[in-house]
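Please read the structure below before turning to the comments.
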Amino acid sequence: MATIAPTGSPPSPPSLTHPPPPRKLTSVKALSESPGLSSIPSIYTFPKQPNHEPVSDTKEPIPTIDFSLLISSNPDERSKTIRELGKACGDWGFFMVTNHGVPERMMKAMIEVCREFFELTEEEKGECEGKHVLDPIRYGTSFNPSVDKILYWRDYLKIFQHPAFHSPSNPPSFSEIALEYSKRTRGVMKEIVRGISESLGLEDKYIEKASTLENCLQIMVANLYPPCPQPELAMGLAAHTDHGLLTLLIQNDTVGLQVLHKDKWVNIHPIPNSFLVNIGDHIEILSNGKYKSVLHRAVVNDRNVRISIALAHGPAADVAVNPAPMLLEDGQNPLAYPAIKYKEYVELQQSSKLDGKSYLEHIRNRGI
């Protein structure tokens, strides 16, 4: 199947213009399974970060949205849930979604088949190595080794699932499981997007139409974080935001995701059989900054493998998203973000290194 070809891009830092070829690296899984490994190579050692020390608990629980009430035929129930959704987007940028209708067995099967992929030989997984950030199937390690000065304790598999569906050939069951899972997840995503649209005071299908959501770019990212002998020195992924509209995440029983909330890192403990959902940079753009994408990161441990599967949903690849004009009409909210084609945004963000919200700020500071 054809990949999405990169197109012309907006002005960008020189480092993004001609990135060096990626280094050939051993997977973190293979490294972690090295006999007698008691310390990590220096290339995986991050400097200590004094700010935003993590906390293990918070008195303010992460919001939970009951999906069955979001799609309820009872207008009072639905209106109440939309208000709760808007508050979750404004206060946290993250929320859990329960009663979403995706079978638990399907979610578990998706995690299991991704685990089977990571258990393949290095040669078999290497067949999925991509050369460009917009290749439809891409296996690798860290985030972007061509620019990462310190590597992340993470292996990944990234696959474009929509509008064209792609899948690795191994494991043999991957394609069937992923196809059905991606379809079901898109349905959940669309209803949440409609609720977010209404919570902003927009028509329920405004975001759907503005982003041509029927042809949304849906990317599955399976992450493997093996046990690390020195977890206090390594990072699974540094603080970042997601480029799209909404990301829906599931994981195995090992925790490791932290969300920055009120200047503190909060450990997230998902409810079983729920989706952990976060708004991405393009909801921030569409809402002209009313709802902001939120920094999150992955930490590692010295005992258990963590597997997470994120489905990132963005606008259609060729759509350039603008802030909704209706949110600017009172004159109190000047236009904050210039338009940029979504695939150009993804290409430039993924070609760079993880650096907080740097690329969103980069396009904002370019001016209108």
Side-chain angles (χ1 to χ4, degrees), residues 60 62-100 186-217 241-248 259 261-262 275-295 312-316 319-342 345 357 360-361 363-364 368:
E60 183 184 357
I62 187 170
T64 299
I65 302 298
D66 187 328
F67 185 80
S68 67
L69 300 181
L70 183 64
I71 61 172
S72 172
S73 58
N74 182 316
D76 293 334
E77 284 184 340
R78 188 167 184 275
S79 294
K80 179 175 181 291
T81 306
I82 287 172
R83 289 193 298 271
E84 293 172 350
L85 178 60
K87 182 172 174 54
C89 291
D91 292 351
W92 276 81
F94 271 78
F95 47 92
M96 295 184 198
V97 174
T98 60
N99 299 321
H100 44 71
R186 281 198 306 279
V188 174
M189 176 273 300
K190 286 181 180 179
E191 292 295 342
I192 297 173
V193 165
R194 289 170 186 168
I196 290 175
S197 193
E198 288 188 69
S199 76
L200 288 166
L202 305 171
E203 185 260 332
D204 65 340
K205 292 187 178 181
Y206 176 84
I207 296 177
E208 190 172 342
K209 293 174 182 175
S211 57
T212 318
L213 209 55
E214 193 61 36
N215 295 318
C216 72
L217 183 56
T241 58
D242 294 348
H243 45 69
L245 297 165
L246 286 183
T247 300
L248 278 65
V259 172
H261 180 62
K262 296 182 178 178
F275 286 115
L276 180 64
V277 180
N278 64 283
I279 61 175
D281 293 346
H282 274 69
I283 287 291
E284 180 166 338
I285 292 170
L286 273 157
S287 69
N288 202 44
K290 181 174 181 179
Y291 295 159
K292 297 187 183 302
S293 56
V294 174
L295 292 172
H313 301 85
V319 167
V321 170
N322 292 289
M326 293 76 84
L327 300 179
L328 312 174
E329 289 175 352
D330 60 6
Q332 301 299 310
N333 300 297
L335 188 68
Y337 304 92
I340 177 174
K341 282 188 178 181
Y342 183 55
Y345 190 96
K357 298 182 72 166
L360 185 61
E361 292 304 314
I363 68 162
R364 179 170 182 156
I368 305 301

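One-based numbering along the sequence shown.
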CA sep, side-chain torsions, deciding dist, call: F95, L85, side-chain contact (heavy atoms from CB on, under 4.5 Å): CA-CA 8 Å; F95 47 92; L85 178 60; 3.6 Å; yes
Close side-chain approach of L276 and I62, heavy atoms under 4.5 Å: yes
Point-to-point distance, once rounded to the nearest 0.5 Å, from OG1 of T212 to CD1 of I207: 13.0 Å
Donor-acceptor pair between S72 and N74 side chains, under 3.5 angstrom: no
Flag side-chain contact, heavy atom, 4.5 Å: L213 against K190: yes
L70 side chain reached by I82 side chain, heavy atoms, under 4.5 Å: yes
Exercise: identify the closest heavy-atom pair between A210 and V319: O-CG1, 3.5 Å
Sub-4.5 Å side-chain heavy-atom contact between I196 and L246: yes
I192 side, atom CD1; I65 side, atom CD1 - distance, nearest 0.5 Å: 8.5 Å
S197 (side chain) donor-acceptor with E203 (main chain) under 3.5 angstrom: yes
Non-hydrogen side-chain atoms of M96 and V277 separated by less than 4.5 Å: no
Closest approach of L327 to L200 (non-hydrogen atoms, all atoms of both residues): CD2-O, 3.5 Å
Pair D281-S293, side-chain donor/acceptor within less than 3.5 Å: yes
Over all atoms of both residues, closest heavy-atom pair of V188 and H100: CG2-O, 3.8 Å
Pairwise distance CZ(F67) to CG(N99) - rounded to 0.5 angstrom: 10.0 Å
Taking every non-hydrogen atom, the tightest pair across D91 and H261: O-CE1, 3.4 Å
Gap separating the CG atom of L286 from the CG atom of L202, nearest 0.5 angstrom: 8.5 Å
Test item: F275 and T98 side chains (from C-beta on) under 4.5 Å apart, heavy atoms: no
Check: E84 and K80 side chains under 4.5 Å, non-hydrogen atoms: yes
Separation of T241 OG1 from K292 NZ (nearest 0.5 Å): 11.5 Å
Within-4.5 Å side-chain heavy-atom neighbours: V321 and Y342: no
N288 versus Y337, side-chain donor and acceptor atoms under 3.5 Å: no
Spacing of D242 atom CG and L360 atom CG [to the nearest 0.5 Å]: 12.0 Å
H282 side chain vs H243 backbone, donor-acceptor pair below 3.5 Å: yes
Y291 side chain to S199 side chain, donor-acceptor N/O pair below 3.5 angstrom: yes
Minimum heavy-atom distance V193-E208, with the two atoms named: CG1-N, 4.4 Å
Flag, side chain of K290 to backbone of S287, donor-acceptor distance under 3.5 Å: no
Exercise: identify the closest heavy-atom pair between P323 and L335: CG-CD1, 3.4 Å
Charged N-O contact under 4.0 Å between R194 and E198: no
